[in-house]
Amino acid sequence: MVSHARWKLARDEKVAQGIAEDPEVERRREEISLAFDLGQAVYDRRVDLGLSQTELARRAGMTQPQVSKLELGGTVPTVPLLARLARAMEAVFRMELFGSSIRVTFTDLDGTTSEEADAEPSSAEHVSASATEAETDADTDTDTERTAATG
């Protein structure tokens with residue numbers, strides 16, 4: 001069995017040699033990455049609010065296993081479900097697409113910015129950023145802001 005590290009190394013070597021990845025594989029990789037980033041943002045917001053998966057599920061009209069699967073990146077939620085989750089977590093949901101990077105944000109309804117979130121631990125902005133942004137932000141990552149790699 002090939003470990004994840006070996007698989008990634010083999011993929012990186014192919015890219016370095018100019019061997020292109022199958023477009024369908026790349027599309028699926030982006031979908032999986034998006035699912036993970038959305039799940040991480042939901043998890044971060046839920047934990048900061050002190051909610052259990054069961055309570056979030058009740059508020060959003062879901063089941064606890066559905067919330068668990070979403071948080072683990074096992075599914076890409078629909079837009080109506082994202083709207084229900086935002087309402088259930090008393091948040092504004094934003095998704096910014098730029099190039100091959102995606103930024104997912106759940107922000108407090110009062111419009112708390114990341115600077116204000118740093119000053120108030122109970123308020124939070126949750127971000128999923130590209131790998132480059134994750135490396136740049138690694139030194140400034142706090143308990144109220146988490147970053148997950150995409151791509």
Side-chain angles (χ1 to χ4, degrees), residues 1-8 11 21-151:
M1 186 162 129
V2 176
S3 73
H4 174 72
R6 285 188 179 170
W7 173 82
K8 185 171 179 356
R11 185 184 68 156
E21 194 168 54
D22 180 353
E24 180 60 24
V25 171
E26 188 168 332
R27 184 197 64 75
R28 182 68 179 135
R29 187 181 318 283
E30 288 174 2
E31 185 177 309
I32 291 168
S33 183
L34 174 60
F36 174 78
D37 291 344
L38 287 165
Q40 187 68 48
V42 170
Y43 169 83
D44 290 342
R45 178 70 181 170
R46 179 182 64 77
V47 168
D48 282 348
L49 290 173
L51 297 176
S52 66
Q53 287 183 343
T54 303
E55 177 59 19
L56 176 58
R58 185 191 65 75
R59 289 182 179 194
M62 302 171 65
T63 64
Q64 181 275 325
Q66 288 172 320
V67 172
S68 178
K69 184 175 180 179
L70 174 72
E71 288 183 355
L72 292 172
T75 184
V76 176
T78 63
V79 173
L81 178 56
L82 288 168
R84 287 195 340 248
L85 285 165
R87 280 191 296 274
M89 296 187 294
E90 302 168 351
V92 174
F93 172 76
R94 290 188 182 88
M95 186 164 82
E96 301 171 45
L97 307 171
F98 45 99
S100 62
S101 298
I102 298 171
R103 183 179 175 117
V104 178
T105 313
F106 281 102
T107 310
D108 285 344
L109 288 174
D110 66 3
T112 302
T113 64
S114 57
E115 292 82 29
E116 293 166 333
D118 290 339
E120 297 179 31
S122 62
S123 300
E125 180 180 80
H126 305 285
V127 177
S128 295
S130 70
T132 305
E133 291 171 350
E135 291 171 10
T136 304
D137 293 342
D139 294 333
T140 60
D141 210 16
T142 66
D143 289 338
T144 58
E145 183 175 331
R146 295 183 128 185
T147 307
T150 62

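Residue numbers start at 1 and run along the sequence shown.
Using a 4.0 Å cut-off between a side-chain N of Lys or Arg and a carboxylate O of Asp or Glu, R27 and D22 do not qualify as a salt bridge.
Interatomic distance, CE of M89 versus OG1 of T107, reported as 10.5 Å (0.5 Å rounding). In this structure, the separation between CD on E31 and CZ on F36 is 15.5 Å, given to the nearest 0.5 Å. Here T54 contributes atom OG1 and R59 contributes atom CZ; the two are 12.5 Å apart, rounded to the nearest 0.5 Å. Of the inter-residue distances, the one linking I102 atom CD1 with L38 atom CG reads 8.0 Å to the nearest 0.5 angstrom. Between S101 atom OG and E30 atom CD the span is 9.5 Å, to the nearest 0.5 Å. Taking CZ of R46 as the reference point, atom CG of L85 lies at 11.5 Å (rounded to 0.5 Å).
The shortest heavy-atom contact between A86 and F93 is CB-CB, 4.0 Å. What you find for A35 and G73 is that their closest heavy atoms are CB-O, 3.4 Å. In terms of heavy atoms, A57 sits closest to Q64 at CB-N, 3.6 Å.
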Please walk me through it: do L81 and R84 pass side-chain contact (heavy atoms from CB on, under 4.5 Å)?
-> CA-CA 5 Å; L81 178 56; R84 287 195 340 248; 3.3 Å; yes
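In the model, E55 has no side-chain atom that pairs as donor or acceptor with a side-chain atom of S52 under 3.5 Å.
Inter-residue side-chain proximity for Q40 and V104 is flagged as unmet; no heavy-atom pair is nearer than 4.5 Å. The shortest side-chain heavy-atom distance between L56 and R45 does not fall under the 4.5 Å cut-off. The closest side-chain heavy-atom distance from K69 to M62 is not below 4.5 Å.
The side chain to side chain contact (heavy atoms under 4.5 Å, CB included) test with L51 singles out one residue from D48, L49, V47, and that residue is L49.
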